[in-house]
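All remarks here apply to the structure that follows.
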Number of protein chains: 2
Amino acid sequence: MTVHDPGASVARSKPSRPTMRDVADAAGVGVMTVSRVINGAVGVRPSTAERVREAITRLGYQLNHAASTLRRRHHGSMVIALLVDDIANPFYAALAGAVEEEAREHGFTVLFGSAKEDLQRERELVQAFTARRVDGLIAVPTDTEMWRDALTSVTVVFVDRPANGLPVDSVLVDGRSAAERGVRHLLEHGHTRIGYLGDLASIWTAQQRLQGYRDALGEAFDPELVQQGLRDAASAERAARELLGSARPPTALFAANDLITIGAVRAVAECGEGTAVVGFDDIVLADRLSPPLTVLAQDPVEIGTTAARLLFARLDGDDTPRREVVLPATLVVRGSGESRPE
Amino acid sequence: MTVHDPGASVARSKPSRPTMRDVADAAGVGVMTVSRVINGAVGVRPSTAERVREAITRLGYQLNHAASTLRRRHHGSMVIALLVDDIANPFYAALAGAVEEEAREHGFTVLFGSAKEDLQRERELVQAFTARRVDGLIAVPTDTEMWRDALTSVTVVFVDRPANGLPVDSVLVDGRSAAERGVRHLLEHGHTRIGYLGDLASIWTAQQRLQGYRDALGEAFDPELVQQGLRDAASAERAARELLGSARPPTALFAANDLITIGAVRAVAECGEGTAVVGFDDIVLADRLSPPLTVLAQDPVEIGTTAARLLFARLDGDDTPRREVVLPATLVVRGSGESRPE
DNA sequence: CTGAAAGCGCTAACAG
DNA sequence: CTGTTAGCGCTTTCAG
């Protein structure tokens, strides 16, 4: 025989929660009265409302949101979903915080998922979100094509990747211009051999940034200085070491995102003393590194806020033509990009 | 008259999605057959199943998860929620990533919310989560008391704060010991006047870390060197500057979390040259600061994974007595904590 | 192997 | 001001 100590044992097999019927019975009223009290008691006698409220707290009743939205057709689930590459990346974490804040102001709760640049996983997440009938979806899409179906059932806003003709709002950053600006900055300081460290070539932002790099270099572009497919700081560090250890090493490095910049900084510190670095995305304490890190800073909070506002405007009935908001990334000069080659 | 270009205009007023009835009619079968096909067709003739599947894809049907869990009592919503202080904080972002990973392996989707140390907000979030009938909840609780009700309806795991007698599993970090270890490290390098920079005194982890600081100092404890209530890097920097600018400034600083450490590093760099620093929580590129930052590193991924595993074990039926897992924070010696006072 | 009826918890649409 | 009836989309139960 097993003895359970209710105080020390974790409550299992949760008792089935009280329903509206239970509350109605306890208060001696009909279910509709309870429903009315819960949804902002209009047209309920104060004394009755009070009795109902008392029964609610006494029974510990809580509205079943799923059941309620099942019946009222027009009112949505009041949930939006956020689909990013990886929530653990500080950039997306900051974006998520901004989206949550905006959602909260509209009374929405937020689901999230990290696709990790995996198509299968992205599909599963979108599937899970739509099955849960989210009212809106803010996403960093990997494969634009698979989104066709999803669009028919949920309002979507893309972030970081263009709509490709799909009827969706999108929030982008002009990474091409920014990268060009960053590489030009290095050229202006006398560098001619500038290494490029980038993420997967399949990612739109990676393509844009590489394009900016090429545009700045023009004739001087040398494919031997380009390393792509870098998904984390460790692989970026390896790639940077490789470039720095080659026969004719670059005198400067352009790192195409935050994780890659971290790897580049490590590599330069350990085997590329004096190599200039310009990174895409700002990093915490970048100003306290030695040398202080020159970066092209995106504003994840602004991106998230903008995307969320576009989404909620749509949910509030805005049916104007689709919009594409392009935000800038600004060059923050701190030191690492201003050293001249020997 | 308004002309809508369906290609360029954002799809509004989503057409009501096809139901199981629609699929059944389209396939010329009853709804139950459709239901059976969707939930792993056992006992359905292959040819019939095929016709149903065809209708499903043709109509673009998607199961309404809310409706389905409404009827089947025992099967839950397959959603868990994560309640943290602030998802934008890299520490919680990493934790969230770990929780999501674990959830995905169990087929669960994750809701999240940031309470931002605001009781009202925490209550609203818990309310929203339970109304959505989440099966589980991983939370960094602000006010342990308000959780009593929630516990009756959902399985909860606490992170970063103790259960206080509530029947909940919890995952903690021994911040007292870690802080004591960190401060002792400074004492061993000759520091006697060590400033303390901490978060709100109401937060359990902040209390623990302050206690560790006091334990290490013993008789030498001086309340004048203690600054609390620091909620972000900016306020931490101000507080640190104040300590460093005082008549008898400390020769070392103990920063009680990641955000505070960032502020402390800034303050030291600008007006406390040579002041030793030990920070709680590791920071990206901490090893590349000058001097490299000595920290007490917690492992957010391990914390998140552990919490999620405890939760899913409970959801899978584990009804053993409640557990309290205590993880360590390890001293990582890098340089900023080893400089000796002049 | 398949379908019809009942009902999950709630709200819309009517009655009183 | 309040209650009754129907039914949201689905699964359970039970009868073919």
Side-chain angles (χ1 to χ4, degrees), chain A residues 14-53 55-56 59-79 130-135 153, chain B residues 14-53 55-56 59-79 130-135 153:
Chain A
K14 305 293 178 187
S16 67
R17 296 152 75 156
T19 137
M20 219 171 222
R21 176 82 262 153
D22 299 329
V23 175
D25 292 348
V29 297
V31 278
M32 262 325 285
T33 305
V34 179
S35 177
R36 287 194 184 97
V37 170
I38 286 169
N39 304 291
V42 277
V44 177
R45 190 188 303 157
S47 63
T48 314
E50 197 38 58
R51 253 189 317 145
V52 171
R53 260 188 290 271
I56 287 176
L59 300 188
Y61 170 79
Q62 283 194 284
L63 178 71
N64 184 328
H65 200 271
S68 102
T69 54
L70 183 59
R71 188 60 174 91
R72 49 176 142 197
R73 302 289 287 278
H74 54 286
H75 210 320
S77 61
M78 301 295 277
V79 177
T130 51
R132 259 116 200 168
R133 294 297 187 269
V134 298
D135 294 325
S153 53
Chain B
K14 306 293 177 186
S16 67
R17 295 152 76 159
T19 133
M20 220 171 223
R21 176 79 267 151
D22 299 328
V23 175
D25 291 348
V29 298
V31 278
M32 260 325 288
T33 305
V34 179
S35 179
R36 288 194 182 97
V37 170
I38 286 169
N39 303 292
V42 277
V44 177
R45 190 186 303 157
S47 62
T48 314
E50 196 38 56
R51 254 188 317 144
V52 171
R53 261 189 288 271
I56 287 175
L59 299 188
Y61 170 79
Q62 283 194 286
L63 178 71
N64 184 328
H65 200 271
S68 100
T69 55
L70 183 59
R71 189 59 173 92
R72 52 175 138 199
R73 302 289 287 277
H74 53 286
H75 209 321
S77 62
M78 299 295 278
V79 177
T130 51
R132 261 115 198 169
R133 294 297 188 269
V134 297
D135 295 324
S153 53

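The sequence lines fix the lettering, A, B, ..., with proteins before strands; numbering per chain opens at 1.
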Starting at [atom1] of [X] and ending at [atom2] of [N], how long is that distance when rounded to a whole Å?
X         : N       : atom1 : atom2 : answer
Arg133(A) : dC8(D)  : CZ    : C1'   : 12 Å
Ile56(B)  : dC10(D) : CD1   : P     : 10 Å
Asn64(A)  : dC8(D)  : CG    : C1'   : 13 Å
Arg72(A)  : dA12(C) : CZ    : C1'   : 11 Å
Asp22(A)  : dG9(C)  : CG    : P     : 8 Å
Asp25(B)  : dG3(C)  : CG    : C1'   : 13 Å
Ile38(A)  : dC10(C) : CD1   : P     : 7 Å
Arg21(B)  : dA4(C)  : CZ    : C1'   : 10 Å

Tell me the salt bridge (charged side-chain N to carboxylate O under 4.0 Å, His left out) pairs involving residues 34-44 of chain B, sequence neighbours left out?
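Residue pairs with at least one partner in residues 34-44 of chain B: there are none.
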Selection from [options] that lies nearest to any side-chain heavy atom of [X]:
X        : options                  : value
Leu70(B) : dG3(C), dC8(C), dC10(D)  : dC8(C)
Ser35(B) : dT11(C), dT11(D), dG3(D) : dT11(D)
Thr33(B) : dC10(D), dG9(C), dG3(C)  : dG3(C)
Val44(A) : dG9(D), dT12(D), dT2(D)  : dT2(D)
Arg45(A) : dC1(D), dT12(D), dC10(D) : dC1(D)

With Ser35(A) via side-chain hydrogen bond (donor to acceptor under 3.5 Å, both in side chains) - residues at least two apart
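So Ser35(A) forms a side-chain hydrogen bond (donor to acceptor under 3.5 Å, both in side chains) with Asn39(A).
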For a quick test of your reading: what N or O donor-acceptor pairs under 3.5 Å do the side chains of residues 19-33 of chain A make, sequence neighbours left out?
residue, atom, partner, partner atom, Å
Thr19(A), OG1, Arg21(A), N, 2.9
Arg21(A), NE, Asp25(A), OD1, 3.3
Arg21(A), NH2, Asp25(A), OD1, 3.1
Asp22(A), OD2, Thr19(A), N, 2.8

Closer than 4.0 Å, any side-chain N/O of [X] to the OP1 or OP2 of [N]?
X        : N       : result
Asn39(A) : dT11(C) : yes
Thr48(B) : dT2(C)  : yes
Thr19(A) : dC10(C) : yes

Just to verify, what does Arg45(B) make a salt bridge (Lys or Arg N to Asp or Glu O under 4.0 Å) with, not counting sequence neighbours?
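None.
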What is the minimum heavy-atom distance between Met78(A) and Asp135(A), and which atoms define it?
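Result for this residue pair: N-OD2, 2.6 Å.
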Show the nearest heavy-atom pair for residues Gln62(B) and Ser153(A), with the distance to one decimal.
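Distance-wise, the nearest heavy atoms are OE1-OG, 4.0 Å.
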Protein and nucleotides 13-16 of chain C: nitrogen or oxygen contacts under 3.5 angstrom:
none

Mind checking the OG1-CZ spacing from Thr130(A) to Arg17(B)? Nearest 0.5 Å is all I need.
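These two atoms lie 5.5 Å from each other.
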Name the residue closer to the 5' end of DNA chain C, choosing between Ala67(B) and Ser47(B) according to the nucleotide with the nearest heavy atom.
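This one resolves to Ser47(B).
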Beyond-backbone contact of [X] with [Y], side-chain heavy atoms, under 4.5 angstrom:
X        : Y         : answer
Val79(B) : Arg132(B) : no
Thr48(B) : Val37(B)  : no
Ile56(B) : Ile38(B)  : yes

Rounding to 10°, can you tell me the angle the first-five-pair axis of the helix from dC1(C)-dG16(D) to dG16(C)-dC1(D) makes with its last-five-pair axis?
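Axis-to-axis angle, ends of the helix: 40°.
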